[in-house]
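Lettering of chains follows the sequences in order, A, B, ..., and the numbering in each one begins at 1.
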There are 2 protein chains.
Amino acid sequence: MTTIREIARQAGVSVKTVSRVINREPMVGEATRNRVLAIMKSLNYVPNVAAQRLARGRSQVIGLLFQNATWAYLHDVLEGSLSIARDRGYSILTRLVDVRTERDREELLQMVAEQRVDGYLFTPPCDNAPELLDALHQRTIPFVRLTPHNRELPYPHVTASDFLGAREITDKLIALGHRRIGFIMGDTDHIASHDRLAGYRAALQANGLSFDPRLVLPGDWQFKSGTAGGAQLLQRRPRPTAIFASNDDMAAGVLSAAHRLGITVPAELSVAGFDDVPLAEQVWPPLTTVRQPIQQIARQASHLLIDLLEGKTLPALHYEFPTELIVRESTSLNPEAAGAR
Amino acid sequence: MTTIREIARQAGVSVKTVSRVINREPMVGEATRNRVLAIMKSLNYVPNVAAQRLARGRSQVIGLLFQNATWAYLHDVLEGSLSIARDRGYSILTRLVDVRTERDREELLQMVAEQRVDGYLFTPPCDNAPELLDALHQRTIPFVRLTPHNRELPYPHVTASDFLGAREITDKLIALGHRRIGFIMGDTDHIASHDRLAGYRAALQANGLSFDPRLVLPGDWQFKSGTAGGAQLLQRRPRPTAIFASNDDMAAGVLSAAHRLGITVPAELSVAGFDDVPLAEQVWPPLTTVRQPIQQIARQASHLLIDLLEGKTLPALHYEFPTELIVRESTSLNPEAAGAR
DNA sequence: GACGCGCATGACACCGGTGTCATAATGACA
DNA sequence: TGTCATTATGACACCGGTGTCATGCGCGTC
């Protein structure tokens, strides 16, 4: 492996000058720079990052934390953050953690002490540990949360507009003539659950429909809670003609429940989800849902984190991106409404 | 941050002795070791990995490469490799690459030159680049492939027994009385596709059934090719009473095709998949499939890679793990056979 | 009592960069 | 022509560990 000293020797300059060229520092003469660059290229030189890290006292590594996020979500997060990190000279260290355990929380702090990572990107549900966030903040370890559970904390985060997305898809169901629309909630300690419920309620109200609490069932984002909630809602009399589940996994559960009860979708029941994960297209019938711009969110979050790592101050703490309504075959005109016309 | 010198000073020993304690080297007196450990603990000392890496000339980081693997797969790979890496003092650097591009291939080599990573774990389809593997081998950069496309190359890999798994699930369908069993293949330049087909054929032969090439359709692992292949198979007369798709995504596609044609599963058609991804449980009806021990494979691969990194030679190049048959509701007795009894 | 040996420890160079500060060269300006 | 700011460059310590080799010591052996 060729070193900076070898380059310096061949170029007839000091190692510091080579270092300046490597780091694109301004105070280097045009001719010198070109000479050094040429030699670096001819020798196939690449700087040793371990040495850079030691000398700089920074690792230029971002820790990306996740636990059990859906994998489509993780994919988009990786895709987005890796591209930004690469552009800005950082690496991504993926870490599977359980922030509820003291052990993992300790380890995250230690990773920084060891100079393995400089800062963290949190994906849900990892961000759901205020004591950890406080500890990080106290040690001035930068971090950014993506689509966090809790939006009240005074720490930076980037998210999608759950409220508007939910309102839009509920509006759509209402526009299709549905009046009795079931709702299955996400995990209650995830703020998005409440926002999506609020969006649902806002749409009802805006359309002059009354909110019926019996049509709202709890869930936990998992497929099984969709099956259970769906089965329960479909026993209500009069039966809801549409069900909006707070995510696609649960919506797929609703489809299963409907199949099991012999109820055809969308003829007898419209089903809507949220997130637009690949599953949404792979169930029968494909789900009408709401797409979140996860890659965009991840890119923005990465930029923010790197800005923080480089000592900049952020113009704002919280960033919100709009969602997109995706209409597929799991929803249709309410037959009752069609008949009443 | 406290350094090794501070520890040495307080313990009244040389930095080298502290270094020995840190690295659990043998030649340290019992009393000295305990004294040093106590001081390290009291000062909350953690060694600086950047310094270690520089001094040792190794990064203790494993690059985990992937492209568009299914995310359940990636999850298990991460879960498995992270746990081993953690135990053995390594980190995992996740990397999204497209090995077909010269640029990404260059970058992988550069990452090693920069001492960012010491070796690589390849997940499909990333391993499908012989020129890259050769280049790595030539530079003696260790790597291990997980469930690789090509098993002929003389490089280490860990995989599951596609052949046996496919034979077992086909056996199961035959045991249920099916005689006309459609088959949808995976991507043909993936060796697993051929192994699964071979398993299917072996089961037919072992049961005295003749192989009918008209019942075998091409596919590419994607959901859509399952839809297409399923639709085509279901137009054959006499119609197959069962379809074995080479992975769960395509099997889900077959389910969709059946739904669209009004064919009920499993009453009129049994459907089987392969891989047991979460999707398998989330479609209707839940899929009978074959589970690969991905976490186990990932753990084994990580061990092998770290052994290589630490200069050991492997007892064998290729490792194969058995699969597990998972029976769910997408398969049932062949009604024709039941009637014929 | 001299010798050899195994164990415990330390001195010191070294890994390959970066940061700080000094210095030389150049040009503008009084 | 002297002064001073500006630009370009270099010397050298330093980051925080590890590897190599030398050394000291206690003890069994002849």
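- Atom CG in B:Asn48 sits about 8 Å away from atom C1' in D:dC15, given to the nearest Å.
- In this structure, CZ of A:Arg20 is placed 9 Å from P of D:dT9, rounded to the nearest angstrom.
- Note on A:Val49: nothing from the nucleic acid sits closer than 4.0 angstrom, heavy atoms only.
- Atom CD in B:Gln115 sits roughly 14 Å away from atom C1' in D:dG17 (whole-Å rounding).
- Of the candidates C:dG17, D:dG19, C:dA11, the closest approach to any side-chain atom of B:Ser14 belongs to C:dA11.
- Using a 4.0 Å heavy-atom distance criterion, A:Val18 is classed as making no nucleic acid contact.
- Summarising the geometry, the separation between CZ on B:Arg5 and P on C:dA13 is reported as 12 Å, rounded to the nearest angstrom.
- Per the geometry, CD1 belonging to B:Ile4 stands 11 Å off P belonging to D:dG16, to the nearest Å.
- Minimum atom distance to the side chain of A:Lys16 is reached by D:dG10, of the listed C:dG10, D:dG10, D:dT9.
- Within the structure, every side-chain polar atom (N or O) of A:Thr3 is placed at least 4.0 Å from both OP1 and OP2 of C:dG16.
- For B:Ala51, taking side-chain heavy atoms from C-beta onward, the closest of the listed nucleotides D:dA11, D:dC15, D:dG17 is D:dG17.
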Test log, rule side chain to side chain contact (heavy atoms under 4.5 Å, CB included), inputs B:Ile22 and B:Ile4 | CA-CA 9 Å; B:Ile22 293 170; B:Ile4 201 174; 4.0 Å; yes
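- For the pair B:Thr32 and C:dA8, the criterion of a side-chain N or O lying under 4.0 Å from OP1 or OP2 is not met.
- Here the C1' atom of nucleotide D:dC15 and the CD atom of B:Gln52 are 14 Å apart, to the nearest Å.
- Among the nucleotides C:dG19, D:dT18, D:dG17, the one closest to the side chain of A:Glu25 is C:dG19.
- Close to D:dG10, at under 4.0 Å from its OP1 or OP2, lies a side-chain N or O of A:Thr17.
- Residues A:Asp275 and A:Gln292 bring a donor and an acceptor atom of their side chains to less than 3.5 Å of each other.
- Other residues, nucleotides and ligands contribute over 12 non-hydrogen atoms within 6.0 Å of the NZ atom of B:Lys312.
- At whole-Å resolution of the value, CZ in B:Arg24 and C1' in D:dT18 are 16 Å apart.
- Using a 3.5 Å distance cut-off with no hydrogens or angles, the side chains of B:Arg145 and B:Asn128 do not pair a donor with an acceptor.
- Nucleotide D:dG19 holds its P atom 12 Å from the CD1 atom of B:Ile22, rounded to whole Å.
- Considering only side-chain N and O atoms, B:Ser19 lies nowhere under 4.0 angstrom from the phosphate OP1 or OP2 of D:dG17.
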Working for side chain to side chain donor-acceptor pair (under 3.5 Å), residues A:Arg299 and A:Ser81 = CA-CA 5 Å; A:Arg299 280 198 295 272; A:Ser81 56; over 6 Å; no
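- Between B:Gly12 and A:Val15, the residue anchored nearer the 5' end of DNA chain C, judged by the nucleotide with its closest heavy atom, is B:Gly12.
- Backbone-only contact: A:Gly29 has heavy atoms under 4.0 Å from sugar-phosphate atoms and none from a base.
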